[in-house]
Amino acid sequence: MKGKHQRARHQQLARATAAELERLRGDIAAETRRAAAARDGAEQARIARHRLTREQAATERQQRPQESAAARVVRTAMQASAAITAARQELEAVERELSRFSDAAVREIKQAGVKMRFPDVHRSADERFVDTWYRKKTGTGFGNARTISLSGWIPDDTPADLPALAAFAKSTVFDTSPQACWAWAIPPWLRLPTDTSDAPQLRSQLGTSTSGAPTMPTEPYPGPPLRAQAVLTTPWRHAPWINEPADAVDLTYWYSRSAWAQQWRPGQMPVPFWLPAEHAAAYPQAGALPPDTDLRLPYPTIFAALAAPWRIEPRTGELPAALAAAQLLMLHARGNPAKVAPANLATHLTRLKATDLNNRETLPTPLEALDHFGGYVEGLLLTAADDGTPNDAFAWCIAIGHPSGFPIARVTIPASRATSTWRTQVDNTVAGIALSCWHEPLAPAGHALPTPDGEDLTAPDTVRVLDIDATSPSTLRDASTEPARNTRPHLRRGHWRQQRVGQGRQDRRWTWVRPTAVNGGASTTNQVYTLRPRAEVGT
Amino acid sequence: VSADRPDRPVPRPRPEPGAELGDGFGGTQTPAELRERLQGLRAQRLQAESEAAQLLTVLRAIALNRRARDAGSSPMLSEHRAHLERIVTEVEELVSTTTRIAVRLHLHGGDDTDPLVRRARRAIEQSQSALHAFSEAVNEA
């Protein structure tokens with residue numbers, strides 16, 4: 001019996017051990033498989049880390065000259081700003097003198113539309129107190145009101161009742177009510193165009209297709225709001241000297257709002273695409289692609305933001321007398337958007353009418369101002385059919401300049417590619433959007449990557465930035481890049497070229513051959529592209 | 001036992017019950033050895049997985065880096081941008097103050113016999129010179 005039990009226990013243990021071994025071997029086999037996959041992943045991560053190091057080095061190498069140039073500009077600007085500060089201090093001293101308390105000075109200040117506060121009166125004091133205090137000081141009533149005519153600055157059919165007028169007069173450019181969108185579509189220091197007779201030659205060159213007048217909307221602006229950290233807080237705020245893709249979001253906001261106010265493609269929100277400075281200047285200079293080139297835009301409406309805006313030169317010669325007289329008031333009415341929050345329409349009008357300018361017809365339309373002051377094309381609104389084929393209709397997105405060097409407006413000017421003198425430049429930009437490779441939009445760290453469905457197309461991280469290396473592969477060698485010995489130094493234009501790609505080089509794909517400095521010719525850095533000819537219309 | 005009789009095979013000790021399937025003899029391993037091996041493999045796999053888990057982060061870093069390069073943005077450039085913005089804001093402030101003073105001077109009236117008018121005109125000229133010098137210097141840079 002004893003031996004029988006021993007044998008049974010022996011067999012039981014043997015079975016348990018066998019099962020354990022079987023399980024362990026299975027686990028080891030599974031673990032080996034998983035470990036192999038993990039090793040592959042780790043190897044990929046190691047390769048990626050090496051690539052990251054290389055990319056970082058390349059980025060640093062490429063950005064060093066830009067950073068040095070920017071540092072030089074900052075240093076110079078800081079040195080030159082000492083004189084700016086001194087001049088401002090002197091002006092402020094003069095202003096204090098001009099504001100020395102007297103009834104005449106107070107009336108001047110009110111007339112000029114300058115913000116006024118009496119140091120001896122608490123800011124919370126009501127009007128009756130201010131009036132009594134003022135009467136005691138000067139012997140006359142304060143009369144804290146100035147009559148401003150809104151005629152010409154609001155639609156003609158606006159009822160003459162307070163609520164209806166206040167909806168316009170109290171609106172600021174931040175508001176999105178129908179009245180605000182109409183009132184601010186063209187800033188009050190510019191005239192509303194009523195037809196297409198203003199600046200006819202410039203209109204012809206741009207190929208404009210509408211007058212550019214706003215249409216009174218029935219609903220508030222439906223687009224996404226201006227982002228909280230917006231840099232371009234008003235359509236007349238200067239663009240940063242060193243720009244970033246996120247700026248394109250602000251530009252998209254103002255230009256799409258301007259387009260909406262004109263009811264130009266009102267149902268479509270543009271998707272911002274960012275052309276780096278080199279490409280913004282090089283694409284328009286390229287030769288035109290064959291007309292049968294198959295181009296497809298990835299979205300129905302695209303805002304092609306130009307990191308280096310195209311310049312529209314001002315008309316040469318002296319300004320017309322009316323414009324010369326008005327330009328100072330226009331700037332005074334514009335105010336200082338960098339430091340002060342936008343005021344309401346009534347405040348801007350008070351400044352504009354400081355010297356009794358009561359007729360809006362004496363002001364230039366946006367295109368007349370552009371014609372005389374020049375400006376910058378900051379981008380193009382491109383449109384496509386359902387299958388992505390580019391439409392003829394597009395819009396210029398232009399910051400209108402001023403002799404002071406600061407913009408006075410940003411307006412969207414609907415146009416036709418077929419009729420524009422600068423068709424090649426626009427067509428090349430369309431080709432650039434359609435044929436270039438783009439960096440995928442990136443969500444900020446800690447956020448989910450955008451999904452095709454729930455994507456906020458105007459969020460800062462969804463600005464598509466042109467992928468330079470993918471658009472111009474480094475393996476691409478242009479046969480003509482070898483400089484001839486007798487060639488004079490010059491900058492060879494960039495151009496599109498079809499390249500064979502894929503297995504067996506069966507497929508063809510358009511690649512961009514970047515501009516090349518030949519024999520030490522000019523570089524592409526800091527190039528500003530100017531739309532010409534303007535001389536012909538400069539008389 | 002065998003040292004004095006090299007012609008005879010070394011006798012194996014009697015195995016434990018059930019150990020024939022993995023007794024460390026005849027090339028097989030014991031459960032303890034297999035467990036140890038499994039633990040080693042697991043540790044290696046976890047190590048490799050934690051390394052592999054960084055792949056997405058590294059790929060994202062590459063994408064961000066390339067995007068920043070193509071967009072021409074870097075922390076240093078952002079710093080320069082902020083500096084320049086402050087300076088340009090000052091310039092814009094000067095332009096706006098100059099315009100305001102010019103308008104107020106117009107409303108104030110008076111002629112060159114008025115010292116305040118003379119001073120205001122001088123201040124406007126100084127401002128215009130400063131603006132001109134500023135734009136010249138920056139364009140040169």
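The figures that follow rest on heavy atoms only: side chains count, while hydrogens, waters and symmetry mates do not. Protein chains get the first letters and strands the later ones, always in sequence-line order, with residue 1 at the start of each.
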Colleague: How close do A:L91 and B:L94 get, counting heavy atoms only, and between which atoms?
Modeller: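 The answer is CD1-CD1, 3.5 Å.
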
Colleague: Taking it one step at a time, do A:E90 and B:R122 satisfy salt bridge (charged side-chain N to carboxylate O under 4.0 Å, His left out)?
Modeller: CA-CA 9 Å; A:E90 178 57 17; B:R122 268 201 312 275; 5.9 Å; no

Colleague: Contact part of A:R23 toward chain B, heavy-atom cut-off under 4.5 Å: side chain, backbone, both or neither?
Modeller: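 Neither part, no heavy atoms under 4.5 Å.
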
Colleague: So which residue, A:A354, A:P240, A:A16, ends up with the most heavy-atom pairs under 4.5 Å with chain B?
Modeller: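 If we count pairs closer than 4.5 Å to chain B, A:P240 comes out on top.
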
Colleague: Please evaluate residues B:R67 and A:E440 with respect to the criterion salt bridge (charged side-chain N to carboxylate O under 4.0 Å, His left out), reporting the C-alpha separation (whole Å), side-chain torsions for both, the decisive distance (0.1 Å), and the verdict.
Modeller: CA-CA 9 Å; B:R67 185 179 188 268; A:E440 282 300 310; over 6 Å; no

Colleague: Using only non-hydrogen atoms and a strict under-4.5 angstrom cutoff, which residues of residues 47-54 of chain B touch chain A?
Modeller: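 Only B:A48, B:E49, B:E51, B:A52, B:Q54 of residues 47-54 of chain B have a heavy atom under 4.5 Å from chain A.
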
Colleague: Apply side-chain contact (heavy atoms from CB on, under 4.5 Å) to B:D70 and A:L466, showing your working.
Modeller: CA-CA 7 Å; B:D70 290 348; A:L466 189 138; 6.0 Å; no

Colleague: Taking every non-hydrogen pair under 4.5 Å, which of B:L105, B:L77, B:I124 racks up the most with chain A?
Modeller: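 Heavy-atom pairs under 4.5 Å are most numerous for B:L77.
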
Colleague: Atom CG in B:N65, atom CZ in A:R51: separation rounded to 0.5 Å?
Modeller: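 Rounded to the nearest 0.5 Å, the CG-CZ separation comes out at 9.5 Å.
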
Colleague: Please classify the contact of B:H108 with chain A as side chain, backbone, both or neither, using a heavy-atom distance under 4.5 Å.
Modeller: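 Contact with chain A involves both backbone and side-chain atoms of B:H108.
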
Colleague: So what's closer than 4.5 Å to chain A heavy atoms on B:T99: side chain, backbone, both or neither?
Modeller: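 Both parts, backbone and side chain.
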
Colleague: If you take all heavy atoms of A:N336 and B:S96, which pair is closest and at what distance?
Modeller: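 Heavy atoms only, the tightest pair is CB-OG, 3.7 Å.
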
Colleague: Could you check which of B:I62, B:V58, B:L46 has the highest count of heavy-atom pairs closer than 4.5 Å to chain A?
Modeller: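 That would be B:I62.
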
Colleague: Which atoms of A:L329 come close to chain B, meaning under 4.5 Å heavy atom to heavy atom: side chain ones, backbone ones, both, or neither?
Modeller: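 Just its side chain gets close to chain B.
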
Colleague: Checking heavy atoms, do the side chain of A:A58, its backbone, both or neither come under 4.5 Å from chain B?
Modeller: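 Both the backbone and the side chain of A:A58 come within 4.5 Å of chain B.
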
Colleague: Between the side chains of A:E92 and B:T97, does any donor sit under 3.5 Å from an acceptor?
Modeller: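 No.
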
Colleague: Is chain B contacted by the side chain of A:W274, its backbone, both, or neither, given a heavy-atom distance below 4.5 Å?
Modeller: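 Contact with chain B is through the side chain of A:W274 alone.
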
Colleague: Pick one of side chain, backbone, both or neither for A:R351, based on which atoms fall under 4.5 Å of a heavy atom in chain B.
Modeller: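 No part of it gets close to chain B.
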
Colleague: Can you say whether A:A36 sits under 4.5 Å from chain B via the side chain, the backbone, both, or neither, judging by heavy atoms?
Modeller: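 No part of it gets close to chain B.
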
Colleague: Taking atom CD of A:E43 as the centre, does the number of heavy atoms from other residues, nucleotides or ligands within less than 6.0 Å exceed 12?
Modeller: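 Yes, the 6.0 Å shell around CD holds more than 12 heavy atoms from other groups.
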
Colleague: Quick test of your reading: applying salt bridge (charged side-chain N to carboxylate O under 4.0 Å, His left out), list the pairs with at least one residue in residues 61-81 of chain A, sequence neighbours left out, ordered by first then second residue.
Modeller: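 Qualifying pairs: A:E60-A:R64.
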
Colleague: Less than 4.5 Å to any heavy atom of chain B: does that hold for the side chain of A:E97, its backbone, both, or neither?
Modeller: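 Both parts, backbone and side chain.
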
Colleague: Quick check on the interface: out of B:R119, B:R66, B:H106, B:E79, who has the most heavy-atom pairs with chain A under 4.5 Å?
Modeller: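 Most heavy-atom pairs within the cutoff with chain A belong to B:R66.
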
Colleague: Ignoring hydrogens and angles, write down the donor-acceptor pairs under 3.5 Å from the side chains of residues 134-141 of chain B, residues two or more places apart or on other chains.
Modeller:
{"residue": "B:S135", "atom": "OG", "partner": "B:L131", "partner atom": "O", "Å": "3.4"}
{"residue": "B:S135", "atom": "OG", "partner": "B:H132", "partner atom": "O", "Å": "3.0"}
{"residue": "B:N139", "atom": "ND2", "partner": "B:S135", "partner atom": "O", "Å": "3.2"}

Colleague: Keeping B:R69 on the side-chain end and A:I468 on the backbone end, is there a donor-acceptor pair under 3.5 Å?
Modeller: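 No: the side chain of B:R69 does not pair with the backbone of A:I468.
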
Colleague: Can you tell which of B:S74, B:G72, B:S129 has the highest number of heavy-atom pairs within less than 4.5 Å of chain A?
Modeller: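 If we count pairs closer than 4.5 Å to chain A, B:S74 comes out on top.
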
Colleague: Starting from the C-alpha separation in whole Å, work towards a yes-or-no answer on salt bridge (charged side-chain N to carboxylate O under 4.0 Å, His left out) for A:R334 and B:E92.
Modeller: CA-CA 11 Å; A:R334 169 190 180 270; B:E92 194 168 19; 2.6 Å; yes

Colleague: Check B:E85 with A:R237, please: is the shortest side-chain N to carboxylate O separation under 4.0 Å?
Modeller: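 Result for this pair is yes, salt bridge flagged.
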
Colleague: If I compare all heavy atoms of B:P31 with all of A:L24, which pair ends up nearest, and what's the gap?
Modeller: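 Closest approach of B:P31 to A:L24, heavy atoms only: O-CD1, 3.5 Å.
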
Colleague: If you define the side chain from C-beta out and look only at heavy atoms, does anything of B:R81 sit under 4.5 Å from A:V231?
Modeller: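 Counting from C-beta outward, B:R81 and A:V231 do come under 4.5 Å.
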
Colleague: Let me know if A:E55 has heavy atoms under 4.5 Å from chain B in its side chain, its backbone, both or neither.
Modeller: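 For A:E55, heavy atoms of backbone and side chain both lie under 4.5 Å from chain B.
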
Colleague: Can you list the steps and then say if A:T85 with B:E90 is a side-chain hydrogen bond (donor to acceptor under 3.5 Å, both in side chains)?
Modeller: CA-CA 8 Å; A:T85 309; B:E90 287 298 308; 5.0 Å; no

Colleague: Taking B:R86, B:Q128, B:H83, B:E93 one by one, which has the highest count of heavy-atom pairs under 4.5 Å against chain A?
Modeller: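 Option with the top pair count is B:E93.
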
Colleague: Please list, chain by chain and in numerical order, all residues satisfying side-chain hydrogen bond (donor to acceptor under 3.5 Å, both in side chains) with A:R54, sequence neighbours excluded.
Modeller: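 Expected list: none.
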
Colleague: Could you report the tightest heavy-atom contact between A:L21 and B:T30, atom names first, then the distance?
Modeller: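 What the structure gives for the nearest pair is CD2-C, 4.0 Å.
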
Colleague: Of all of B:A130, B:A68, B:A133, which one pairs up most often with chain A through heavy atoms under 4.5 Å apart?
Modeller: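 The candidate making the most pairs under 4.5 Å is B:A130.
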
Colleague: In terms of heavy-atom proximity below 4.5 Å to chain B, should A:A77 be classed as side chain, backbone, both, or neither?
Modeller: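 Both backbone and side chain.
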
